[in-house]
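One structure is given here, and the rest of the page talks about it.
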Amino acid sequence: MTTAPRVAVVMGSSSDLSVMQEAADVLAEFGVAHEVRVISAHRTPDDMLAFGHQAAGRGLKVIIAGAGGAAHLPGMLASVTTLPVVGVPVALSTLDGLDSLLSIVQMPKGVPVATVAVNGARNAALLAIRILATEDDTLTATMEAYQKDIAAAARTQDAEVAEGKKGVDG
Ligand code: RP5
């Protein structure tokens with residue numbers, strides 16, 4: 001039996017996958033059932049609207065939406081669902097992702113998209129997991145363990161730099 005996805009990772013093009021795969025990888029690490037889809041606000045607008053309208057009814061709890069350039073996918077999904085939408089601005093080969101960032105973050109009042117950093121797919125997944133963890137004690141415990149791990153890694157860096165084991169040359 002397959003578990004119904006709780007998070008959807010959607011993107012405007014398969015060219016976004018190199019960035020968005022990290023979100024899927026983090027969800028897998030945390031054992032969160034998810035689906036990964038390519039749905040374009042501009043090329044398949046009817047599919048996008050159908051996906052957004054059906055998302056909550058299908059049992060999804062959070063949508064992570066990544067897009068680049070004229071990045072309308074996260075905002076348009078947010079306009080047709082009550083689910084939280086986390087937007088990932090994907091950097092294209094021009095403009096360094098600033099175009100994507102501004103397209104996603106500058107939403108009008110009433111239609112929120114929680115926008116992470118340019119190419120910030122990892123944090124998008126971690127935010128989705130935190131949202132799920134508010135009603136899932138197991139996920140909360142896994143998140144606490146993850147936070148301890150990154151704290152330990154930072155303290156290791158501190159010790160290495162303080163002891164002079166690591167300099168600017170690595
Ligand atoms: C956006 O256009 C996609 O999210 C992608 O970041 C960008 C370019 O898409 P391709 O032309 O590479 O398919 O809608």
Side-chain angles (χ1 to χ4, degrees), residues 2-136 139 142-143 146 150:
T2 53
T3 313
R6 292 202 281 171
V7 177
V9 178
V10 300
M11 63 205 83
S13 168
S14 62
S15 66
D16 299 320
L17 188 58
S18 56
V19 169
M20 297 306 293
Q21 183 63 47
E22 200 171 2
D25 290 345
V26 172
L27 293 166
E29 276 170 38
F30 278 78
V32 174
H34 59 281
E35 63 183 16
V36 181
R37 301 280 309 276
V38 173
I39 304 170
S40 170
H42 304 117
R43 294 166 179 156
T44 54
D46 293 338
D47 295 1
M48 174 200 65
L49 292 174
F51 175 87
H53 282 299
Q54 293 163 10
R58 290 176 49 227
L60 289 166
K61 301 297 181 198
V62 186
I63 297 172
I64 296 171
H72 296 133
L73 180 63
M76 286 306 298
L77 286 175
S79 75
V80 295
T81 183
T82 56
L83 296 178
V85 176
V86 184
V88 181
V90 174
L92 303 186
S93 55
T94 54
L95 304 179
D96 288 337
L98 185 59
D99 48 347
S100 318
L101 173 65
L102 297 180
S103 296
I104 293 175
V105 79
Q106 292 287 36
M107 288 297 292
K109 283 190 285 286
V111 189
V113 170
T115 310
V116 296
V118 172
N119 291 346
R122 165 167 284 271
N123 272 0
L126 291 171
L127 180 55
I129 291 163
R130 286 183 181 215
I131 292 168
L132 296 177
T134 59
E135 297 199 346
D136 185 327
L139 265 189
T142 312
M143 180 57 73
Y146 170 81
I150 59 174

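These figures come from a predicted structure and were not determined experimentally. Indexing begins at 1, ligand by ligand and atom by atom, following the structure's order.
One distance of note links OH of Tyr146 with CD1 of Ile129; it measures 9.0 Å at 0.5 Å rounding.
Annotation: side chain of Phe51 is in contact with side chain of Ile63 (closest heavy-atom distance under 4.5 Å). Using a 4.5 Å heavy-atom cutoff, the side chains of Met48 and Val80 are not in contact. Using a 4.5 Å cut-off on side-chain heavy atoms (C-beta onward), Met143 and Leu126 make contact. Contact annotation: the side chain of Val118 never approaches that of Ser100 to less than 4.5 Å [non-hydrogen atoms, C-beta and beyond]. You'll find the side chain of Val90 reaches within 4.5 Å of the side chain of Asn119, heavy atoms only.
Shortest contact from atom 12 (O) of ligand 1 to any protein heavy atom: Ser15 OG, 2.7 Å. The protein non-hydrogen atom at the shortest distance from atom 14 (O) of ligand 1 is Gly68 O, 4.2 Å. Protein heavy atom in closest approach to atom 11 (O) of ligand 1: Arg43 NH2, 3.1 Å. With respect to atom 13 (O) of ligand 1, the closest heavy atom belonging to the protein is Ser13 OG, 2.6 Å. At the shortest separation from atom 3 (C) of ligand 1 among protein heavy atoms lies Asp16 OD2, 3.4 Å.
With ligand atoms numbered from 1 in the order given, ligand 1 contributes 4 (O) to contacts under 4.0 Å with heavy atoms of Ala67. Contact atoms of ligand 1 toward Leu92: 6 (O) (distance under 4.0 Å to a heavy atom of the residue).
For a threshold of 3.5 Å applied to N or O pairs, the pair formed by Ser40 and ligand 1 contains no separation below that value. By the 3.5 Å distance cut-off applied to N or O atoms, Val90 is not counted among the residues near ligand 1. Ligand 1 has no N or O atom lying under 3.5 Å from any N or O atom of His42, backbone or side chain.
Salt-bridge check for Arg6 with Asp136: passed, with a basic side-chain N closer than 4.0 Å to an acidic carboxylate O.
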